[in-house]
Amino acid sequence: MLGKEVMKTAQMFKHGIAACALMMACAIAPAYAQQGVPTSGATADRDHMSYGADADRVADEIKGFNDFAGGGQKYVEISAQDEVAQMGAGINVIPGWNGFWNGGSTQFKLSQIRKIKEAGFSTIRIPLQTFGKSAMHIDAQGHLDPKYLKKLDSIVEAALSAKLFVIIDEHDFDDCSKNADACAQILPNVWYELSEHYKNAPSSVMFELLNEPHDKIDAAIWNAWLPDLVAIVRQTNPTRNIIVGPTHWNSSADLPLLKLPDDKHIIVTFHYYDPMTFTHQGADWVGPEIAKEHGEVHWKGTPEELAKINGDFDKVADWAKANNRPILLGEYGTYAKFSAIDERAAWTRAVTKAAADRGFAHAAWEFDEGPTGFTVYDSDKNEWVEPIKNAFLGK
Ligand code: BGC
């Protein structure tokens, strides 16, 4: 039943209706409006939008938040290949569920952005949840909350002044993968808004369209959505590098299924957590087989274990060469709860090397999630988890 609905949405997304140009949301908005899901007020052309009674308020908000200054830096086009070559080692920071975004408690401090640069990282990836389970930052007209954008601006500005590359990553992947129809309506709005807002940012700011599509977002649907999502960004950001990954949680095994639009400013991303029984040992969100492991699974860096990583990365490099796309390993890391720190560091070092040897940029998962998480920086002690940080930096 849902499968059919989703296919229908994919078709609408792909072809739209003439009057709506790129924006499939206007084709399906009425159905969702009845269900109380925020609907799009936008059409393809910002200058000709109609927001009904809210027009003035929305216009003011857009005007007020339309002029991200870009930390004093100008936009200069850079090829996807050159940007990846400069991105080097990165780190994921302040994911959408962090209290920073939602007015809850947080250990995050803006000053930590500079510490990231000083430690030797060159890139941050910011996993945003604009409409996901942790909070709704988008209103009934499909517009991002200006206060929320201000918070995001503060991070982007701090990163730019520290000369870090910045990936703005839409991370509502779980909600989207459960209900592709609803996602197909909201996600384009988010990209209209973010693209408009950051159109003057320097090219070191990149957009990642959606983290880890999976489940209801299969390859057919994802491939159908991509041209429209890219076209939305291209209206305001004709040459900014956009990051796109394959389905099945950005699995490299799905790279052959990925059909990219004919656009040279695309960086392809994948995530690597193999073997999951080691990297996610004891993690309860990835299924009982992995949750039951409490320290019994080891990673020693044997020739077989290293060959597995290198074999997996060779396949990605072959695909990248055949398809002429540069690669970002956007997430990798190990869950701290039950695994020995030296084994975690060894795995991390091996994966960092596999990526760097092949010219992939790479980003750690993630800055700080407390003592049992994937943490690289311990905010309680105000210090890096040195062996893990060094392994992500290839040391
Ligand atoms: C998810 C996190 C998870 C991590 C490792 C990320 O993409 O958003 O919730 O901890 O992957 O599984």
Side-chain angles (χ1 to χ4, degrees), residues 64-73 75 83 87-132 134-138 144-172 190-191 193-211 233 237 240-243 269 328 330-331 361 363-369 374-377 379 382 384 389 392:
F65 288 88
N66 205 5
D67 49 359
F68 177 79
Q73 300 169 37
Y75 182 87
E83 188 137 43
M87 282 161 70
I91 187 162
N92 283 272
V93 292
I94 350 163
W97 49 91
N98 189 299
F100 170 80
W101 301 107
N102 305 324
S105 77
T106 182
Q107 301 244 59
F108 173 74
K109 297 186 201 71
L110 259 189
S111 57
Q112 291 171 338
I113 296 288
R114 193 158 287 278
K115 285 191 176 170
I116 287 171
K117 175 69 178 186
E118 284 163 2
F121 292 97
S122 321
T123 301
I124 59 166
R125 177 175 183 257
I126 314 171
L128 298 183
Q129 289 191 315
T130 57
F131 56 86
S134 56
M136 200 67 161
H137 298 292
I138 191 162
L144 284 168
D145 177 359
K147 289 192 207 83
Y148 175 78
L149 278 176
K150 254 193 173 162
K151 284 188 181 169
L152 181 54
D153 283 355
S154 69
I155 310 292
V156 176
E157 266 159 19
L160 291 176
S161 84
K163 303 268 182 297
L164 286 160
F165 290 89
V166 182
I167 299 166
I168 295 179
D169 154 47
E170 220 306 328
H171 209 82
D172 286 300
V190 170
W191 281 115
E193 300 277 315
L194 291 173
S195 304
E196 173 83 25
H197 185 68
Y198 286 107
K199 66 178 187 241
N200 297 320
S203 50
S204 48
V205 176
M206 289 157 273
F207 297 154
E208 181 168 342
L209 298 178
L210 183 65
N211 178 69
V233 174
N237 295 259
R240 185 177 305 281
N241 288 326
I242 295 175
I243 299 172
T269 189
L328 162 72
E331 285 185 19
W365 187 267
E366 63 118 348
F367 185 67
D368 181 15
E369 27 181 79
F374 285 71
T375 302
V376 189
Y377 184 87
S379 297
N382 276 324
W384 292 96
K389 184 248 316 174
F392 278 120

Item to check | Any side-chain heavy-atom pair of Lys389 and Phe121 under 4.5 Å | outcome: yes
Item to check | Steps toward side chain to side chain contact (heavy atoms under 4.5 Å, CB included) verdict (Asn382, Lys109) | outcome: CA-CA 11 Å; Asn382 276 324; Lys109 297 186 201 71; 4.0 Å; yes
Item to check | Euclidean distance, His137 NE2 relative to Leu149 CG, rounded to 0.5 Å | outcome: 10.5 Å
Item to check | Working for side chain to side chain contact (heavy atoms under 4.5 Å, CB included), residues Leu144 and His197 | outcome: CA-CA 10 Å; Leu144 284 168; His197 185 68; over 6 Å; no
Checklist entry - Is Arg240 close enough and on-axis enough to Phe207, meaning under 6.0 Å and within 45°, for cation-pi? => result yes
Item to check | Residue among Leu194, Ile167, Ile168 satisfying side chain to side chain contact (heavy atoms under 4.5 Å, CB included) with Val205 | outcome: Ile168
Item to check | Glu170 versus Val190, closest heavy-atom pair with distance | outcome: CG-CG1, 4.0 Å
Checklist entry - Quick one: CG on Asn211 to CD on Gln129, what's the gap to the nearest 0.5 Å? => result 9.5 Å
Next on the checklist: Is there a side chain to side chain contact (heavy atoms under 4.5 Å, CB included) between Ile91 and Phe392? Walk through the geometry before answering.
Outcome noted: CA-CA 9 Å; Ile91 187 162; Phe392 278 120; over 6 Å; no
Next on the checklist: Within this structure, what is the CD1-OG distance for the pair Ile242 and Ser195, rounded to the nearest 0.5 Å?
Outcome noted: 7.5 Å
Checklist entry - Less than 4.5 Å apart, any side-chain heavy atom of Thr130 and any of Ile138? => result no
Item to check | Check: Thr123 side chain, Phe165 main-chain N or O, donor-acceptor pair, under 3.5 Å | outcome: no
Checklist entry - Of all heavy-atom pairs between Asn92 and Pro127, which one has the smallest distance, and what is that distance? => result OD1-CG, 3.8 Å
Checklist entry - Which pair of heavy atoms, one from Leu160 and one from Gln73, lies closest together, and at what distance? => result O-NE2, 3.0 Å
Next on the checklist: Would you compute the distance between atom CD1 of Ile126 and atom NZ of Lys151 and round it to the nearest 0.5 angstrom?
Outcome noted: 14.0 Å
Item to check | Side chains of Leu110 and Ile155 in contact at under 4.5 Å (non-hydrogen atoms) | outcome: yes
Checklist entry - Which pair of heavy atoms, one from Ala135 and one from Asn102, lies closest together, and at what distance? => result CB-OD1, 3.2 Å
Checklist entry - With sequence neighbours left out, what residues match Tyr148 under side-chain hydrogen bond (donor to acceptor under 3.5 Å, both in side chains)? => result none
Item to check | Check: Ser203 side chain, Tyr75 main-chain N or O, donor-acceptor pair, under 3.5 Å | outcome: no
Next on the checklist: Tell me if the centroids of the rings in Trp101 and His171 come within less than 6.0 Å of each other.
Outcome noted: no
Item to check | Asp169 CG to Glu331 CD distance, which is reported to the nearest 0.5 Å | outcome: 7.5 Å
Checklist entry - Out of curiosity, Met206 CE to Asn237 CG, how far, rounded to the nearest 0.5 Å? => result 12.5 Å
Checklist outcome for this item: From the list Phe100, Phe108, Trp384, ring-ring contact (aromatic ring centres under 6.0 Å, His included) partner of Phe367 resolves to Trp384
Item to check | Backbone N/O of Ile243 and side chain of Glu208: donor-acceptor pair under 3.5 Å | outcome: no
Checklist outcome for this item: The single option from Gln107, Gln112, Lys115 that satisfies side chain to side chain donor-acceptor pair (under 3.5 Å) with Tyr377 is Lys115
Item to check | Where Trp191 and Leu209 come nearest, the two heavy atoms and their spacing | outcome: NE1-O, 3.0 Å
Checklist entry - Which pair of heavy atoms, one from Glu83 and one from Asn241, lies closest together, and at what distance? => result OE1-ND2, 2.8 Å
Checklist entry - Got Trp365 and Val376 here, is their nearest side-chain heavy-atom distance under 4.5 Å? => result no
